[in-house]
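Computed from heavy atoms alone, side chains included, the values below leave out hydrogens, waters and symmetry copies. Quick note on labels: first sequence line is chain A, next is B, and so on, each numbered from 1.
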There are 2 protein chains.
Amino acid sequence: MVCSKSFGYALRGVLYVALMSDQKPRVQVEEIAEKLSVPKHYLGKIMKQVVKEGILSSTKGPYGGFSLNEKTLSSPLLSILRITDGFEQFNTCVLRLRKCNSSRPCPLHDQIEANRKAWMQIFSKTSIGDLLNKDEVSFLEGLATI
Amino acid sequence: MVCSKSFGYALRGVLYVALMSDQKPRVQVEEIAEKLSVPKHYLGKIMKQVVKEGILSSTKGPYGGFSLNEKTLSSPLLSILRITDGFEQFNTCVLRLRKCNSSRPCPLHDQIEANRKAWMQIFSKTSIGDLLNKDEVSFLEGLATI
DNA sequence: TTTAAAAAAGATACAGATGTCCTTAATGGG
DNA sequence: CCCATTAAGGACATCTGTATCTTTTTTAAA
């Protein structure tokens, strides 16, 4: 019922780059980590994966950093979740029964599956861009972590 | 979107004791662990907590073991989840924003909260007894773990 | 070409969930 | 009371997610 901390780091990292994109084309991990109150080096590792997945771009060297690309805004949250949490969580029986599946369900299977589908929907239907177009933009004032 | 392994151990442990209750009033952790293919000593620790919570009873010594009590069958799954996973998971912002709440929501807050409520419902409305009265009793044949 | 800046990559550390083992306490039967 | 049996409790090991630090690679500017 919860995502990893890494997911939060990744998503907020991408959002921060997107928010800054009209002010600066590239943002360094140093700045992101500071603004989000997040461990710098760890964030770096996660951003690297986000880049590998194609959700962001990056360049090394002076004036380098992380930047938006054609895919960024249209990327579903699911593509970040895939990196940080994987999808195993959507298929694991809560009773941890080996052979629980739709044709041979545990007593909770159907309810749980319906619920997970709804979760999956949220993450697949919502894109990075969607989050930026929401009314609740005030949330952006403080991207700082827990 | 997933419960801990400990939750699965605990719930199946309780279910096994309930299933055996007409054959034997008490079941030893040794037997439970074997039948569920679960680590014996670790299961012991979890069962202890389940007893402490009042969901099961136990007695030491010869012919001892774990047994049902008045509360067992009516206990909601939530009472087990509380022991093994806690409820923090229902309140943690997926973006890990410090001050995300219903009056100042992140763009995902409302959707996520609705979904978590549904999860919470499953675990609070479903009791141990309910699981035993389900049609899908065939699942009981193999309580063995993943 | 040299230099400095920044991401990428590698090594190590830490914490919590999980798992194992050994000791202690309780209990029923002799 | 004594003994065997079983849960409870404590100490330690392992594994995975999280975090830190150092080194390497790439790049832009001079």
Side-chain angles (χ1 to χ4, degrees), chain A residues 2-10 12-14 17 20 24-34 36-67 69 80-81 83-86 88-89 92 96 145-146, chain B residues 2-10 12-14 16-17 24-34 36-67 69 80-81 83-86 88-89 92 96 145-146:
Chain A
V2 78
C3 305
S4 67
K5 292 176 80 166
S6 298
F7 175 79
Y9 293 173
R12 282 187 294 134
V14 175
V17 173
M20 300 302 287
K24 43 174 85 176
R26 295 186 181 152
V27 193
Q28 289 82 41
V29 69
E30 179 99 27
E31 175 181 340
I32 307 174
E34 247 171 48
L36 307 190
S37 306
V38 150
K40 177 171 63 171
H41 295 98
Y42 188 63
L43 178 63
K45 288 186 187 302
I46 297 173
M47 297 297 278
K48 175 187 62 178
Q49 295 173 279
V50 172
V51 168
K52 207 173 183 181
E53 187 74 11
I55 300 168
L56 277 183
S57 296
S58 67
T59 47
K60 297 179 178 181
Y63 302 87
F66 295 91
S67 55
N69 64 27
I80 294 180
L81 194 71
I83 297 170
T84 56
D85 299 61
E88 202 57 28
Q89 52 180 326
T92 304
R96 303 266 168 174
T145 323
I146 253 172
Chain B
V2 80
C3 306
S4 67
K5 294 176 79 167
S6 298
F7 174 79
Y9 293 172
R12 282 187 294 136
V14 174
Y16 184 79
V17 173
K24 45 173 85 176
R26 295 185 181 154
V27 192
Q28 290 81 41
V29 69
E30 177 100 27
E31 175 181 340
I32 306 175
E34 246 172 47
L36 307 190
S37 307
V38 150
K40 176 172 61 171
H41 295 100
Y42 189 62
L43 178 64
K45 287 184 187 303
I46 297 173
M47 296 297 278
K48 175 187 58 177
Q49 295 173 279
V50 172
V51 169
K52 207 171 182 181
E53 187 74 14
I55 300 169
L56 276 185
S57 297
S58 68
T59 46
K60 299 179 177 181
Y63 302 88
F66 296 90
S67 55
N69 64 29
I80 294 181
L81 194 71
I83 298 170
T84 57
D85 299 61
E88 201 58 27
Q89 53 179 327
T92 305
R96 301 265 167 176
T145 324
I146 257 173

K.L.:
Quick one: on DNA chain C, does A:S58 or A:P62 contact a more 5' nucleotide (nearest heavy atom)?
P.N.:
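Counting from the 5' end, the first nearest nucleotide belongs to A:P62.
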K.L.:
Working to the nearest 0.5 Å, report the span between CD of A:Q49 and NZ of A:K45.
P.N.:
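The distance works out to 9.5 Å.
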K.L.:
Can you tell me how far C1' of D:dT16 sits from CG of A:D85, to the nearest Å?
P.N.:
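To the nearest whole Å, that distance equals 13 Å.
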K.L.:
Measure from CD on A:E31 to P on C:dA5 and round the result to the nearest Å.
P.N.:
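Whole-Å distance recorded here is 16 Å.
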K.L.:
Closest-nucleotide mapping onto DNA chain D: is A:C3 or A:K60 further toward the 5' terminus? I mean the 5' end.
P.N.:
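Its nearest nucleotide being more 5', the pick is A:C3.
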K.L.:
Expressed in angstrom and rounded to an integer, what is the separation of B:L36 atom CG from C:dG19 atom P?
P.N.:
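For the pair B:L36 CG and C:dG19 P, the rounded distance is 13 Å.
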K.L.:
How many Å lie between CD on A:Q28 and P on D:dT26, as a whole number?
P.N.:
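Distance, rounded to whole Å: 19 Å.
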K.L.:
Expressed as a whole number of angstroms, how long is the span from B:I32:CD1 to D:dA8:C1'?
P.N.:
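These atoms are roughly 15 Å apart.
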K.L.:
What integer distance in Å separates B:Y9:OH from C:dT18:P?
P.N.:
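Taking atom P of C:dT18 as the reference, OH of B:Y9 is at 8 Å.
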K.L.:
Can you figure out which of C:dT20, D:dT18, C:dA8 approaches the side chain of A:F66 most closely?
P.N.:
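Taking heavy atoms from C-beta onward, the closest nucleotide is C:dA8.
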K.L.:
Could you identify which residues of residues 40-51 of chain B place a heavy atom less than 4.0 Å from some atom of DNA chain C, listed by residue number, or say none?
P.N.:
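Those residues are B:H41, B:Y42, B:K45.
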K.L.:
Scan side-chain atoms only and decide if B:Y9 and B:T84 contain a donor-acceptor pair under the 3.5 Å cut-off.
P.N.:
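The criterion, which ignores hydrogens and geometry beyond distance, is not satisfied for B:T84 and B:Y9.
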K.L.:
Determine yes or no for a side-chain-to-main-chain donor-acceptor pair under 3.5 angstrom, with A:D85 supplying the side chain and A:C3 the backbone.
P.N.:
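Between the backbone of A:C3 and the side chain of A:D85 there is no qualifying donor-acceptor contact (under 3.5 Å).
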K.L.:
Can you tell which of B:V50, B:V14, B:V51 makes a side-chain contact (heavy atoms from CB on, under 4.5 Å) with B:F66?
P.N.:
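Of the listed options, the one satisfying the test is B:V51.
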K.L.:
Where is the tightest heavy-atom contact between B:N69 and B:I55, given as atom of each residue plus distance?
P.N.:
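Result for this residue pair: OD1-O, 3.8 Å.
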K.L.:
Between A:G61 and B:K52, just flag the one whose closest nucleotide in DNA chain D comes earlier from the 5' side.
P.N.:
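The residue mapped nearer the 5' terminus is B:K52.
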K.L.:
Any side-chain N or O of B:T59 below 4.0 angstrom from OP1/OP2 of C:dG28?
P.N.:
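Indeed not, no polar side-chain atom of B:T59 lies that close.
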K.L.:
Distance check needed: D:dT16 P versus A:Q89 CD, whole Å only.
P.N.:
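Atom-to-atom, A:Q89 to D:dT16, this comes out as 17 Å.
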K.L.:
I need the minimum non-hydrogen distance between A:R26 and A:Y63, along with the two atoms involved.
P.N.:
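Looks like CD-O, 3.4 Å.
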K.L.:
Measure from OH on A:Y63 to C1' on D:dA29 and round the result to the nearest Å.
P.N.:
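Going from OH in A:Y63 over to C1' in D:dA29 covers 7 Å.
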K.L.:
A:R12 and side-chain contact (heavy atoms from CB on, under 4.5 Å): which single residue from A:L36, A:I32, A:L43 fits?
P.N.:
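Answer after filtering A:L36, A:I32, A:L43: A:L36.
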